Amino acid sequence: MEILAQIAVVLTLLIVGYLKGTRAEKKHLRNIRWREKRLVHLVQLTDGQYHKGEWQDCKLVIGQVVIAQDYFKRFLAGLRNIFGGRLSSYETLMDRARREALLKMKEQAHHFGAKAIVRVRLETSNISNTNYGKEKHSGAMEVMAYGTAVK
């Protein structure tokens with residue numbers, strides 16, 4: 001009987017985590033789409049070939065996001081690791097993080113009054129699992145977008 005109660009608790013937590021996570025993800029995606037539309041006029045290039053007159057001023061702009069694995073995505077990834085295949089639950093997480101980092105960079109350039117961002121680069125790094133005492137904390141990923149904002 002005790003085992004059934006533990007299984008019920010785990011299943012309940014997974015279902016609640018899935019529902020809340022899906023709702024939060026959809027809300028975040030709506031916010032990202034709105035901000036992308038607002039900043040669509042700001043050109044971003046991976047090279048330095050922006051030639052609309054002379055540059056008056058330039059500044060390094062950075063957008064940085066740290067994302068953590070949630071338990072539901074980690075559970076799905078664990079199942080996928082057993083059977084093999086794409087980890088689509090992580091792909092959506094990384095897509096949101098990449099878009100958020102680019103938006104933060106563009107918002108910084110917009111406040112600077114830039115007309116474009118040149119030499120845009122993306123960096124990712126893994127913040128590995130760490131142990132604090134007996135508790136094990138999950139790892140996280142950092143996505144950083146940077147470039148040169150030009151006026």
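Not measured: the values here are computed from a predicted model.
Here the CD atom belonging to E107 is positioned 7.5 Å from the CD atom belonging to E100, to the nearest 0.5 angstrom. The distance from the CZ atom of R121 to the CD1 atom of I62 is 14.0 Å, given to the nearest 0.5 Å. The structure places NZ of K106 at 6.5 Å from CD1 of I117, a figure rounded to the nearest 0.5 Å. Put simply, CZ on R96 and CG on N31 are 11.0 Å apart, with the number rounded to the nearest 0.5 Å. Going from atom CG of L45 over to atom CZ of R119 covers 10.0 Å, rounded to the nearest 0.5 Å. Rounding to the nearest 0.5 Å gives a distance of 4.5 Å between CD of E142 and CD of Q64.
No single ILVMFWY cluster, assembled from side-chain heavy atoms under 4.5 Å apart, contains both M144 and L122.
Contact detail for A97 and V143: the closest heavy-atom pair is CB-CG2, 3.9 Å.
Environment of CG in L11: crowded, with over 12 heavy atoms of neighbouring residues, nucleotides or ligands closer than 6.0 Å. Annotation: R23, atom CZ; neighbour count of heavy atoms from other residues, nucleotides and ligands within 6.0 Å does not exceed 12.
With hydrogens and angles disregarded, a donor-acceptor distance shorter than 3.5 Å links the side chain of K151 to the backbone of F112. Under the 3.5 Å distance criterion, the side-chain polar atoms of K115 are left unmatched by any main-chain donor or acceptor of L42.
Within the 4.5 Å cutoff, the side chain of L102 has no heavy atoms near those of the R99 side chain. A heavy-atom distance below 4.5 Å is found between the side chains of Q44 and M105. At a threshold of 4.5 Å between non-hydrogen side-chain atoms, the residues K27 and L29 do not count as touching.
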>> With side chain to side chain contact (heavy atoms under 4.5 Å, CB included) as the criterion, how do I67 and M94 come out once you've worked through the C-alpha distance, each side chain's angles and the decisive distance to 0.1 Å?
In response: CA-CA 8 Å; I67 55 170; M94 290 302 295; 3.6 Å; yes
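Checking Y146 against E123 by side-chain atom types alone, a donor-acceptor pair falls below 3.5 Å.
When each of V43, D47, T46, T148 is tested with V118 by the rule side-chain contact (heavy atoms from CB on, under 4.5 Å), just one qualifies, namely T148.
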